[in-house]
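Note that this is a predicted model, so its numbers are computed, not measured. For ligands, and for the atoms within them, numbers begin at 1 and follow the listed sequence.
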Amino acid sequence: MIKFLDLKEINGRYQKEINDAVKRVAESGWYLLGEEVREFEKEFAEYIDVKNCIGVGNGLDALKIILRGYIEMGVMEEGDEIIAPANTYIASLLAITDNRLKAVLVEPDINTYNIDSSLIEVKITEKTKGIMIVHLYGRNAFTDKIREICRKYNLKLIEDCAQAHGACYKDKRDGSLGDASGFSFYPGKNLGSLGDAGAICTDDNELADICRTLGNYGSKKKYENIFRGYNSRLDEIQAAVLRVKLKYLDEDNESRREISKYYRENIFNPGIILPGCFDDKSHVWHLFVVRCEERNKLQRHLSDNGIQTIIHYPIPPHKQNAYKEWNILSFPITELIHNTILSIPSYLLNQGSTDKIVSLLNKFELNEM
Ligand SMILES: *Cc1c(COP(=O)(O)O)cnc(C)c1O
């Protein structure tokens, strides 16, 4: 059986270093807001190339706190609109609606699965205050066009970087391209901790200061509360583990690139649409997502032959019960994507496994072919 993702194996490569890091914190007697978090924030800010990094509890909180920060700054207010891709993971949208902001959904580009820049401008109203781009599946979503629109309409650009640690636009890393960015270090992400963890990155010192305060009960000085804040902090243990894994992130992303390149060069089944071939640095291949008209049959074919696959994601946000008011909306490209996509294992595989997957995909036959 080839597992979709084997976290034990992923972390096992650094087991001694991870154990040492955990032990160091466990024995230190200091578990929150300490040296490990400070050092990780410094190292990650340097890696992304931003002035500020703030550790938080998870990726959803990172995005939620950024938007709340803008509300506290008076940049946004209840009822304002944030444009976001319709096919994103629901967390991006929860961050918006949780702040009583309105998420305005835009279709993705069928070739990149990222927000279609050419469809954004018609959605802008007087209430639009920001655009949230999502570097979905690890592929950079930033474009010059998006930057232009943000400048023209004075919009904040927020990046959801939960799947794109290390991806680039030209020479700049995702996470440093907009006004603020949110990262998740959920165990299965490209940079994953041993539990929940996240971070905010921004060059905006005022926003950074407010976000840091919001994540710590709205308090800068103990027992003095400036805001009605949250408890969303990065643990010392997670920070210590992330410091170990950050050192290997580039190398790791490179190995993902190699596997996806191998797939793209060796899978040649007309019934299976492969992700396009991009500028190398723009993609960190968090997921290798193919599209097939008979997706469920393809998934069965692979599982019958010992290959585990996952659908990211089976139900688009506007069809979820959580967003009943959107259920009547129609986003044909988003729906097509959700009905046809399949993520195949693409990380930490040996040659035998990649060959087996390639051969099974090449042998797969559509019913009507
Ligand atoms: C994982 C993910 C999040 C949320 O991160 P958590 O750490 O699970 O809260 C947000 N957006 C996207 C696109 C994600 O994949």
Side-chain angles (χ1 to χ4, degrees), residues 4-5 7 10 40 44 53-68 82-99 103 105-106 108 112-115 130-142 157-167 174-175 177-178 180-201 211 215 230-235 237-239 241-242 245 253 256 283-289 310-318 320 322-323 334 337-338 341 343 346-347:
F4 183 75
L5 201 66
L7 290 172
I10 287 172
F40 172 71
F44 197 63
C53 169
I54 301 119
V56 293
N58 56 66
L60 170 59
D61 281 359
L63 297 167
K64 211 162 77 177
I65 291 172
I66 289 168
L67 292 169
R68 174 75 189 278
I82 307 293
I83 287 171
N87 64 321
T88 185
Y89 178 58
I90 200 163
S92 326
L93 305 175
L94 290 172
I96 297 171
T97 56
D98 235 50
N99 276 297
L105 304 179
V106 170
T112 65
Y113 307 130
N114 279 329
I115 193 164
I131 301 177
M132 185 180 292
I133 56 172
V134 182
H135 307 291
L136 202 66
Y137 307 150
R139 188 189 180 179
N140 166 62
F142 180 85
L157 180 60
I158 298 122
E159 301 177 68
D160 180 341
C161 292
Q163 304 190 357
H165 318 71
D174 288 355
L177 302 161
S181 57
F183 285 85
S184 164
F185 306 119
Y186 176 83
K189 310 285 187 184
N190 286 38
L191 179 59
S193 61
L194 305 184
D196 276 320
I200 294 165
C201 286
C211 288
Y230 311 99
N231 174 5
S232 185
R233 302 175 294 217
L234 177 61
D235 292 359
I237 286 185
Q238 301 303 349
V241 171
L242 288 167
K245 292 188 70 183
N253 283 340
R256 290 175 187 266
H283 210 318
V284 290
W285 300 100
H286 173 59
L287 298 169
F288 190 89
V289 179
I310 300 183
I311 300 164
H312 297 93
Y313 302 89
I315 306 170
H318 72 281
Q320 296 281 0
Y323 287 115
T334 296
I337 290 171
H338 285 77
I341 45 170
S343 307
S346 60
Y347 182 48

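- Taking every non-hydrogen atom of Leu60 and a distance limit under 4.0 Å, the qualifying atoms of ligand 1 come out as 4 (C), 5 (O), 6 (P), 9 (O).
- Closest approach of Leu234 to Ala197, counting heavy atoms only: CD1-CB, 3.4 Å.
- For atom 10 (C) of ligand 1, the closest heavy atom belonging to the protein is Ala91 CB, 3.4 Å.
- Looking only at heavy atoms of the protein, atom 13 (C) of ligand 1 is closest to Asp160 OD2, 3.4 Å.
- Where the criterion is an N or O separation shorter than 3.5 Å, residue side chain and backbone included, Gln163 meets it with respect to ligand 1.
- In summary, of the residues considered (His135, Glu159, Met132), a side-chain contact (heavy atoms from CB on, under 4.5 Å) with Ser181 occurs for Glu159 alone.
- At least one N or O atom of Gly59, backbone or side chain, sits closer than 3.5 Å to an N or O atom of ligand 1.
- Distances below 4.0 Å separate heavy atoms of Val134 from the following atoms of ligand 1: 13 (C).
- Of all the heavy atoms in Leu105 and His318, the pair that sits closest is CD1-CB, 4.0 Å.
- With a heavy-atom cut-off of 4.0 Å, Asp196 does not touch ligand 1 at all.
- Every atom of ligand 1 with a heavy atom of Asn58 under 4.0 Å away is listed here by number and element: 7 (O), 9 (O).
- Proximity annotation for atom 5 (O) of ligand 1: of Pro85, Ser184, Gly192, Ala62, Ser184 comes nearest, heavy atoms only.
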- request: Applying side chain to side chain contact (heavy atoms under 4.5 Å, CB included), run through Tyr323 and Leu93 and close with a yes or a no.
  value: CA-CA 10 Å; Tyr323 287 115; Leu93 305 175; 3.9 Å; yes

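- Partner of Ser343 under the side-chain contact (heavy atoms from CB on, under 4.5 Å) criterion, chosen from Leu5, Val289, Ile311: Val289.
- Taking every heavy atom of both residues into account, Tyr313 and His338 meet most closely at O-CD2, 2.6 Å.
- Atom OH of Tyr89 sits in a sparse spot, with 12 or fewer heavy atoms from other residues, nucleotides or ligands closer than 6.0 Å.
- A heavy-atom separation below 4.0 Å is not found between His286 and ligand 1.
- At the top of the distance list for atom 2 (C) of ligand 1, counting protein heavy atoms only, stands Lys189 NZ, 2.8 Å.
- Under a cut-off of 6.0 angstrom, the local environment of OH in Tyr186 is sparse, with at most 12 non-hydrogen atoms contributed by other residues, nucleotides or ligands.
- The shortest N/O to N/O separation between Tyr89 and ligand 1 does not fall below 3.5 Å.
- Closest heavy-atom contact between Cys211 and Ile54: CB-CD1, 4.3 Å.
- Residue Ala162 has no nitrogen or oxygen atom sitting less than 3.5 Å from a nitrogen or oxygen atom of ligand 1, judged on distance alone.
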